[in-house]
Amino acid sequence: MDTATETETERVVFVTEDGVPTGETGPKLASHHEHTRLHLAFSCYVLRRSDQALLITQRAHEKKVWPGVWTNSVCGHPAPGESLEDAVRRRAAYELGLPTLSGLHCVLPKYRYRTPPFEGIVENEFCPVFAAWTDTEPAPNPAEVGGWRWIPWGDYTELLNDKTANVSYWAKDQYAQLKGIEPFSSL
C-alpha cells in the first residue's frame, strides 16, 4: 500500500480518558487538527541488543503531521480491532524495515499526553509505550523516516535537553517517566 492510500484509509480509534475504545473511529489525517479527540496510539523504543543503543528516527519532511521532527524509534495508531503489540510490529516493519522485534513489552501502559499546537495540529493520545530489541539494522521507508541513528541513552538524554534540537513533544514528555524504569534506568 502506498503512503497516500494508507493515509486515506487508516482510521484512529477514539477512546475514553482511561483508554477504553468508545466504538467510534475517524480517518487518521482528518482526525488530527486543533481540536483532536482523544484516540489510541503507541510509542516504541527499539534498543540494539549488542550495545543497548537506542534507535531514534527523524520523521520524513514530507509527512503531513510533525515533519522533520526527531523522536523515539516508532510511533503510530492501531487499526480498529488490532492489538497494540500487532500495531507496533506492523509499523516497525513498514516504517523501519524491522519485521522482527524481540522482547516487545509495554513499559508505560497508561501514558497519555496532549501536545501544544504544532502547525495547526494537536496530538491528543492515550499512548501506551513499549520497549523492544533487535539485532537487525533498519532499512527505513523514506516516505516515513527522513533520518535515523543509534545512540547511547546518555546521548539521547542530552538531545532531549538541547533546546535547539527539533525533538518531538512526546519523546521529551515520555522521558521523565522512562528514565526511572527498566530497561532504561540501567542504561
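Counting from 1, the numbers follow the sequence of the chain as shown. The figures that follow rest on heavy atoms only: side chains count, while hydrogens, waters and symmetry mates do not.
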If only atom types and distance count, is the side chain of R59 paired as donor or acceptor with the main-chain N or O of V65 below 3.5 Å? yes
Mind checking the NZ-CG spacing from K179 to L160? Nearest 0.5 Å is all I need. 10.5 Å
Shortest non-hydrogen contact from I121 to T115? O-OG1, 4.3 Å
With a 4.5 Å cut-off on side-chain heavy atoms, are E137 and W150 touching? yes
Donor-acceptor pair, distance only, cut-off 3.5 Å: does the side chain of N161 make one with the backbone of T157? yes
What heavy-atom pair brings H105 and P183 nearest, and what distance separates the two atoms? NE2-CD, 4.5 Å
Yes or no on side-chain contact (heavy atoms from CB on, under 4.5 Å) for L55 and T134, after CA distance, side-chain angles and deciding distance? CA-CA 10 Å; L55 176 63; T134 188; over 6 Å; no
How about Y175 and W153: are their ring centres within less than 6.0 Å of each other? yes
Least distance between heavy atoms, L84 atom then A41 atom: CD2-O, 3.7 Å
Heavy-atom pair of closest approach, residues A171 and N72: CB-N, 4.4 Å
So which atom in E125 and which in L38 form the shortest heavy-atom distance, rounded to 0.1 Å? C-CD1, 3.6 Å
Taken to the nearest 0.5 Å, the spacing of T100 OG1 from D135 CG works out to 10.0 Å
Measure the CG-NZ distance between L108 and K110 for me, rounded to the nearest 0.5 Å. 12.0 Å
Evaluate the criterion side-chain contact (heavy atoms from CB on, under 4.5 Å) for residue pair H77 and E10; output intermediate values, then yes/no. CA-CA 9 Å; H77 304 88; E10 276 191 287; 5.6 Å; no
Polar side chain donor-acceptor pair, W66 to E119, under 3.5 angstrom: no
Kindly say whether W133 contributes a backbone atom to a donor-acceptor pair with the side chain of S102 at under 3.5 angstrom? yes
Distance col, row K64:NZ vs H32:NE2, nearest 0.5 angstrom, shows 14.5 Å
Which heavy atom in G180 sits nearest to a heavy atom in S185, and how many Å separate them? C-CB, 3.7 Å
